[in-house]
Amino acid sequence: MRGEGARRFRRAPGAPAVVAQGWSAARRRPWFFGTCPWTVCRSWSPSREWRMAARRALRAVLVDLNGTLHIEDAAVPGAQEALKRLRGTSVMVRFVTNTTKESKRDLLERLKKLEFDISEDEIFTSLTAARNLVEQKQVRPLLLVDDRALPDFKGIQTSDPNAVVIGLAPEHFHYQTLNQAFRLLLDGAPLIAIHKARYYKRKDGLALGPGPFVTALEYATDTKATVVGKPEKTFFLEALRGTGCEPEEAVMIGDDCRDDVGGAQDVGMLGILVKTGKYRAADEEKVSPPPYLTCESFPHAVDHILQHLL
């Protein structure tokens with residue numbers, strides 16, 4: 001195989017210039033492989049070409065936060081400048097995150113300290129989606145979320161709970177609290193999962209996400225959680241609602257192959273997987289269809305958008 005991530009195939013009619021030609025001595029016919037200037041860019045295939053030909057002009061880019069623009073309190077190198085370049089185009093930019101560790105206001109302050117030019121109304125979080133569902137169901141939740149996320153539930157009645165809302169809450173994932181949630185669910189309370197991520201990236205390495213704990217409660221109570229964050233289709237559609245764009249006019253950039261890329265592509269968006277944050281080798285093979293593009297980082301994703309999608 002020539003080049004990282006390259007794979008051999010016959011050239012499709014009208015294949016783009018990023019496809020290079022060689023010769024297979026064994027097969028005595030031409031073969032082609034991707035020559036993307038950034039590490040892995042999936043080779044152009046007929047199915048991908050047809051999919052691109054049917055798409056509308058790009059109007060919106062959704063961007064994941066932790067793992068894509070930053071990792072906790074450190075920005076991904078070059079991410080601020082890449083965001084400025086993306087904003088210099090005609091596309092709308094929105095930021096979508098499953099984070100439940102902090103309120104939207106605290107998250108915005110963190111991003112500003114990292115010198116990202118982002119406004120609060122550009123951020124759509126799974127906490128927002130969870131609050132909307134709680135209000136819609138008119139329930140009183142037991143909130144298994146980090147204390148820093150509680151401001152996003154201000155005004156929600158939580159005494160005498162009759163529902164369980166669970167996010168990433170390491171300080172609350174102990175037997176007594178989980179057993180309280182277990183008993184509520186046995187009595188018929190609904191289980192609302194802010195998201196079911198298996199793990200996430202911290203400065204000291206990968207760490208368990210809320211997904212394993214949600215699954216444990218589902219298993220113990222024979223209950224199915226209502227999930228509101230990525231990769232749920234409603235999450236992506238709600239994030240796009242304020243832009244006036246259709247999924248076929250949007251791209252999602254993220255570090256999670258399932259929640260970011262898989263979820264976005266399930267609703268008709270293109271998905272770009274970056275190799276920062278929680279990315280692990282061969283993640284791009286875990287979703288079908290595979291990511292439209294896999295590249296080193298957010299700046300490389302922006303380079304591709306500017307050169308090939310606009």
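Positions are given from 1, in the same order as the sequence printed here.
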So for atom CD, which belongs to E120, do other residues, nucleotides or ligands contribute more than 12 heavy atoms lying within a distance under 6.0 Å? yes
Within a strict 4.5 Å, meaning less than it, do heavy atoms of the Y279 and V274 side chains meet? no
Checking the side chain of S126 only, and the main-chain atoms of N98 only, is there a donor and an acceptor separated by less than 3.5 Å? yes
Under the 3.5 angstrom rule, does the side chain of T89 hit a backbone N or O of R87 as a donor-acceptor pair? no
Are L184 and N162 close enough that some pair of their side-chain heavy atoms sits under 4.5 Å apart? no
From F298 atom CZ to H70 atom NE2, the distance as rounded to the nearest 0.5 Å: 12.0 Å
Under a 4.5 Å cut-off applied to non-hydrogen side-chain atoms, are Y200 and L206 in contact? no
Transitively linked via ILVMFWY side-chain contacts under 4.5 Å: V63 with L270? yes
Geometric cation-pi criterion, K230 with F236: 6.0 Å, 45°: no
Treat each ILVMFWY residue as a node, draw an edge where side-chain heavy atoms are under 4.5 Å apart, and state whether V76 and V302 are in one component. no
Heavy-atom count around R59 CZ within 6.0 Å, excluding the residue itself: above 12? yes
Among all residues two or more places apart in sequence or in another chain, which pass the side-chain hydrogen bond (donor to acceptor under 3.5 Å, both in side chains) test with E238? R241
Taken in chain and number order and not counting sequence neighbours, the residues that satisfy side chain to side chain contact (heavy atoms under 4.5 Å, CB included) with D146 are R148
What distance do I272 atom CD1 and H300 atom NE2 have between them, rounded to the nearest 0.5 Å? 12.5 Å
If you compare all heavy atoms of P212 against all heavy atoms of A197, which two are closest, and at what distance to 0.1 Å? CD-O, 3.8 Å
State plainly whether one hydrophobic cluster holds both F213 and I192, where clusters connect Ile, Leu, Val, Met, Phe, Trp and Tyr through side-chain heavy atoms under 4.5 angstrom apart. no
If you look only at pairs with a residue in residues 177-195, which of them pass as a side chain to side chain donor-acceptor pair (under 3.5 Å), with sequence neighbours excluded? H174-T177
What's the shortest heavy-atom distance between D73 and R110, and which atoms? OD1-NH1, 2.6 Å
Identify whether L86 and L114 are in the same connected component of the hydrophobic contact network (ILVMFWY, side-chain heavy atoms under 4.5 Å). yes
Taking all non-hydrogen atoms of both residues into account, name the closest pair between A301 and C295 and its distance. N-SG, 3.6 Å
Under 3.5 Å, which donor-acceptor pairs link side chains of residues 128-144 to any protein atom two or more places apart or in another chain?
unit_1	atom_1	unit_2	atom_2	d
T128	OG1	T125	OG1	3.1
R131	NE	E135	OE2	3.0
R131	NH1	D152	O	3.1
R131	NH1	K154	O	2.7
R131	NH2	E135	OE2	3.3
R131	NH2	K154	O	2.9
N132	ND2	T128	O	3.4
R140	NE	S159	O	3.3
R140	NE	D160	O	2.9
R140	NH2	D160	O	3.1

Minimal heavy-atom distance between T68 and T276, with the atoms involved, is CA-OG1, 4.1 Å
Decide side-chain contact (heavy atoms from CB on, under 4.5 Å) for I123 and L111; before the verdict, give the C-alpha distance in whole Å, the side-chain angles of both, and the deciding distance to 0.1 Å. CA-CA 11 Å; I123 302 174; L111 294 169; 4.1 Å; yes
Shortest non-hydrogen pair, A181 vs L217, comes out as CB-CD1, 4.2 Å
NZ (K286) with more than 12 external heavy atoms under 6.0 Å: yes
List, by chain and number, the other hydrophobic cluster members for V287, where Ile, Leu, Val, Met, Phe, Trp and Tyr join if side-chain heavy atoms come within less than 4.5 Å, directly or indirectly. none
Assess the residue pair F116 and F95 against the criterion (ring pair (Phe, Tyr, Trp, His ring centres under 6.0 Å)); give the C-alpha distance rounded to whole Å, side-chain angles, the decisive distance to 0.1 Å, and a yes or no. CA-CA 12 Å; F116 284 107; F95 305 90; 8.1 Å; no
So, does T97 use its side chain to make a donor-acceptor pair with the main chain of L65 at under 3.5 Å? no
I'd like to know whether R94 forms a side-chain contact (heavy atoms from CB on, under 4.5 Å) with L240, so could you lay out the CA-CA distance, the side-chain angles of the two residues, the decisive distance to 0.1 Å, and finally the verdict. CA-CA 8 Å; R94 295 293 183 270; L240 280 178; over 6 Å; no
Within the 4.5 Å heavy-atom criterion, are L83 and V93 side-chain neighbours or not? yes
Counting only heavy atoms not in R105, do more than 12 sit closer than 6.0 Å to its CZ atom? no
Indicate, with yes or no, if L306 and L69 share a hydrophobic cluster defined by side-chain heavy-atom contacts under 4.5 Å among Ile, Leu, Val, Met, Phe, Trp and Tyr. yes
Let me see the working for E284 and C257 under side-chain contact (heavy atoms from CB on, under 4.5 Å), right down to the final yes or no. CA-CA 6 Å; E284 56 268 34; C257 63; over 6 Å; no
So does K84 pair up with E115, basic N to acidic O under 4.0 Å? no
Within the 4.5 Å heavy-atom criterion, are V91 and L310 side-chain neighbours or not? yes
Looking at side-chain heavy atoms only, is the closest gap between V227 and F235 below 4.5 Å? no
Distance check, rounded to the nearest 0.5 Å: D303 atom CG versus E296 atom CD? 12.0 Å
Checking side-chain contact (heavy atoms from CB on, under 4.5 Å) for the pair M269/E249: CA distance, chi angles, key distance, verdict? CA-CA 7 Å; M269 301 171 61; E249 301 170 312; over 6 Å; no
Exercise: identify the closest heavy-atom pair between D64 and M252: N-CE, 3.6 Å
Side-chain contact, heavy-atom cut-off 4.5 Å: I118 with K112? no
Could you list the residues that satisfy salt bridge (Lys or Arg N to Asp or Glu O under 4.0 Å) with D204, not counting sequence neighbours? R202
From the list N66, D259, D256, D255, side-chain hydrogen bond (donor to acceptor under 3.5 Å, both in side chains) partner of K278 resolves to D256
Is the closest side-chain donor-acceptor distance between Y292 and Q265 under 3.5 Å? no
Are any non-hydrogen side-chain atoms of L293 and L273 less than 4.5 angstrom apart? no
